[in-house]
Amino acid sequence: MIQKREDIRNIAIIAHVDHGKTSLVDELLKQSGIFRQNQEIAERVLDSNDLERERGITILSKNTAVFYKNVKINIIDTPGHADFGGEVERVLKMVNGVILVVDAFEGPMPQTKFVLKKALELELPVIVCINKIDRPEARPEEVIDEILDLFIELDADESQLDCPFVFASAKNGTASLDINSPGTDMQPLFETIIKHIPAPAGSEDEPLQLLISTIDYNDYVGRIGIGKVERGSIKVNQEAVIVNAIDENKNKRVKITKIYQFEGLKRIPVENAKIGDIIAISGIEDINIGDTVCDVNFPEPLPFVKISEPTIAMTFLVNDSPFAGQEGKFVTSRNLRERLFKELQTDVSLRVEETSSTDAFRVSGRGELHLSILIETMRREGYEFQVSRPEVLYKEIDGKLHEPMEMVTVDVPEEFVGTVIEKLGSRKGEMISMSSVKGAYTRLVFSIPSRGLIGYRSEFLTDTKGNGIINAVFDGYAPYKGDIEKRQWGSLIAFETGEAVTYGLYHAQERGMLFIEPGTKVYEGMIVGQNPKGEDIEVNVCKKKHVTNMRAAGSDEALRLSPPKKMSLEECLEFIEDDELLEVTPKSLRIRKKILNSGERKKARKK
């Protein structure tokens, strides 16, 4: 018998990056009374790891729950970056509807289209929340039209087109159904969720089915599987069988030792759970994303969403530089291998392959950001290793070479439009559309090969003097577009091992921009700067001035150095060429040549 759980609603909050998803969840948590009156609450409370807080982005999807008028609303906050689209695709299997958050000024962006498309494919009802309605330059009427155009473009059916619109300011904690009235609290949004998101339905008497959509890890209890009870019920100490939809030979009998439900930011242990409940179960060693926990007598797996393929790959290598092992805690190939394969347990979009060398692993992901977040996380955990330049993954379709494409949206002031069109054009980008938004900026949309974007973002910020915004989303494969010019600059390479001194740096800076300052330890083959002329030059930054007892007027004045360019991890990855590596340690980022010795490099070039 089919029953409806009117006391539960399961929703995901989806949006483009920086449109205010996490801030909206903050307000829903605060106004539902989850926190004590005097409790101190951090801003963006769900962005719990350090990297998310520093960058102001959501990387991992988070589960939380609030209560409103005796209804439990399970909320999943999802990432907005296309590189973490694998997270979004998975968690949509757990919910019965979505809230699409759109900025009242920016309107729908590339990632809005990506996440909305996934929701519509799963036939989920949508509530559109136009956020940041209090922005001085907000244009909600135009944004409504743009959203409806997007629905039509994505072949939404009539019921999906007839979706409710809520106008909110997550910053002020208000929502309203009236475009001209700001509202006083979040009650209109709560009411809309209960009215428009269907209650989970199913039969409690049928055999258990629980699809695992997310994996968490805890040092004390090990792996934690998170998913929604699709059928039947589950209780502590129950015998069950885990079935994998792809490999049915993996069936494994287990005992359910702990069940948790979400309340606010906490996981509350419970004795049982039934249809529609989103729960976490622990104590099962090798539980994986996509597994179905079933009744022992009815091992029937549920189909799992197909995760998009990786588009970019890098080689992770053991650090073999002259400074290897000085700053890291985990430095061996065994440490590196264990850590990369552990990441596979929680990240379904990642691929790790062993290579012919035991010291090198090929890691593939959804984009540069996806892989750079992994590198930064590992470095903070104490790992020391090297990575190669990112390269795109090609495919052969009908005997022809195809490459991954990106749909790039660029918002820039009018004065920089020419530069951006010229630069993206030289990288095989094709302009699809150009429009002006309220005279504030010009929006350009390009289709460009993924490899054309490698190394462009930092150049873009320089070209637009920091005033431009660039967003890219994967847009399928297309026939190979031809060769793209190599980078326009060369490297300044350290000539010998030692410590950089002012005198040596002063003479080296005449050749280009430096990355290091006096006192930095360098080794032969390490890259210490950038040469604008497009060729590699060796410089001796350790060279000291010869001491003489002769003094010349003016020559002994203090040598003035230009400030060095401090590069972030992403900028380093964009800088390196095919014959270079990035050495990553908990304390340092060093760019180096693969072949450190000058003579051996020359021999290798002649071959």
Side-chain angles (χ1 to χ4, degrees), residues 48-57 59 219 314-340 342-343 359-361 363 365 368-390 458 491-502 504-505 508-509 513-530 539 541-542 561-577 580-594 596:
S48 49
N49 79 32
D50 292 343
L51 266 176
E52 291 182 315
R53 293 204 155 280
E54 281 168 31
R55 292 170 183 242
I57 60 171
I59 295 167
D219 287 337
M314 292 164 86
T315 305
F316 281 53
L317 307 106
V318 172
N319 189 9
D320 62 355
S321 85
F323 294 167
Q326 292 181 11
E327 295 173 357
K329 190 174 165 190
F330 307 107
V331 295
T332 64
S333 60
R334 186 174 63 85
N335 293 147
L336 186 59
R337 185 182 188 281
E338 278 176 7
R339 179 63 185 82
L340 289 172
K342 180 185 165 192
E343 189 67 22
D359 290 346
F361 303 89
V363 180
E368 270 182 285
L369 183 68
H370 186 193
L371 295 178
S372 71
I373 292 286
L374 171 63
I375 294 167
E376 185 63 42
T377 306
M378 287 173 64
R379 127 181 227 219
R380 289 178 185 212
E381 289 169 3
Y383 286 83
E384 187 177 302
F385 53 98
Q386 299 179 131
V387 292
S388 69
R389 180 175 194 247
S458 53
S491 300
L492 299 179
I493 308 163
F495 173 72
E496 63 179 0
T497 302
E499 194 173 294
V501 293
T502 306
L505 290 170
Q509 76 179 8
M513 187 190 294
L514 295 174
F515 299 156
I516 60 167
E517 54 199 3
T520 307
K521 289 186 167 62
V522 299
Y523 52 80
E524 182 191 359
M526 180 172 147
I527 291 165
V528 295
Q530 174 180 327
V539 291
V541 292
C542 306
L561 293 178
S562 302
K565 181 181 181 183
K566 297 285 182 190
M567 296 219 286
S568 66
L569 173 63
E570 275 87 2
E571 286 173 321
C572 290
L573 290 173
E574 289 179 354
F575 179 87
I576 56 178
E577 260 303 333
E580 294 165 358
L581 295 171
L582 173 63
E583 180 185 348
V584 180
T585 78
K587 293 179 185 171
S588 314
L589 294 169
R590 301 184 192 97
I591 302 172
R592 51 161 284 190
K593 286 289 179 187
K594 281 183 181 173
L596 295 176

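Small disclaimer: the values here were computed from a predicted structure and weren't measured.
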### Query
So, the side chain of S491 versus the backbone of I493: is there a donor-acceptor pair under 3.5 Å, distance only?
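No.
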Listing, residues 521-529 side-chain donor-acceptor contacts under 3.5 Å, not counting sequence neighbours, or none:
from, atom 1, to, atom 2, distance (Å)
Y523, OH, E583, OE1, 2.6
E524, OE2, S598, N, 3.2

### Query
Which residues satisfy the salt bridge (charged side-chain N to carboxylate O under 4.0 Å, His left out) test with D359, sequence neighbours excluded?
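Scan of D359 (salt bridge (charged side-chain N to carboxylate O under 4.0 Å, His left out), adjacent residues dropped) gives none.
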Measuring only between side-chain heavy atoms, which start at C-beta, is [X] closer than 4.5 Å to [Y]?
| X | Y | answer |
| --- | --- | --- |
| P518 | L561 | yes |
| M567 | L589 | no |
| E517 | K566 | yes |
| Q386 | S321 | yes |
| L336 | L317 | no |
| M378 | F316 | yes |

State, to 0.1 Å, how close [X] and [Y] come at their nearest heavy-atom pair, and which atoms those are.
| X | Y | value |
| --- | --- | --- |
| P564 | I516 | CB-O, 3.4 Å |
| E327 | S588 | OE1-OG, 2.9 Å |
| V541 | A508 | CG1-CB, 4.0 Å |
| G328 | P586 | CA-CD, 3.7 Å |
| L505 | L514 | O-CD1, 3.6 Å |

Reported [atom1]-to-[atom2] distance for the pair [X] and [Y], which is rounded to 0.5 angstrom:
| X | Y | atom1 | atom2 | answer |
| --- | --- | --- | --- | --- |
| L374 | M314 | CG | CE | 9.0 Å |
| E338 | R334 | CD | CZ | 5.0 Å |
| K594 | L596 | NZ | CG | 12.5 Å |
| S372 | L569 | OG | CG | 5.5 Å |
| K593 | I576 | NZ | CD1 | 10.5 Å |

Could you pull out all residues at least two apart from [X] that satisfy side-chain hydrogen bond (donor to acceptor under 3.5 Å, both in side chains)?
| X | answer |
| --- | --- |
| T332 | N335 |
| E384 | N319 |
| R339 | E343, E381 |
| S568 | E571 |

### Message
For the aromatic rings, using the six-membered ring if either is Trp, is the centroid distance between F361 and F385 under 6.0 Å?
### Response
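They do not qualify: ring centres at least 6.0 Å apart.
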Atom [atom1] of [X] with >12 non-hydrogen neighbours under 6.0 angstrom:
| X | atom1 | result |
| --- | --- | --- |
| K329 | NZ | no |
| M513 | CE | no |
| F495 | CZ | no |

### Task
Would you mind telling me which of L573, T315, L581 makes a side-chain contact (heavy atoms from CB on, under 4.5 Å) with V387?
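The passing option is L573.
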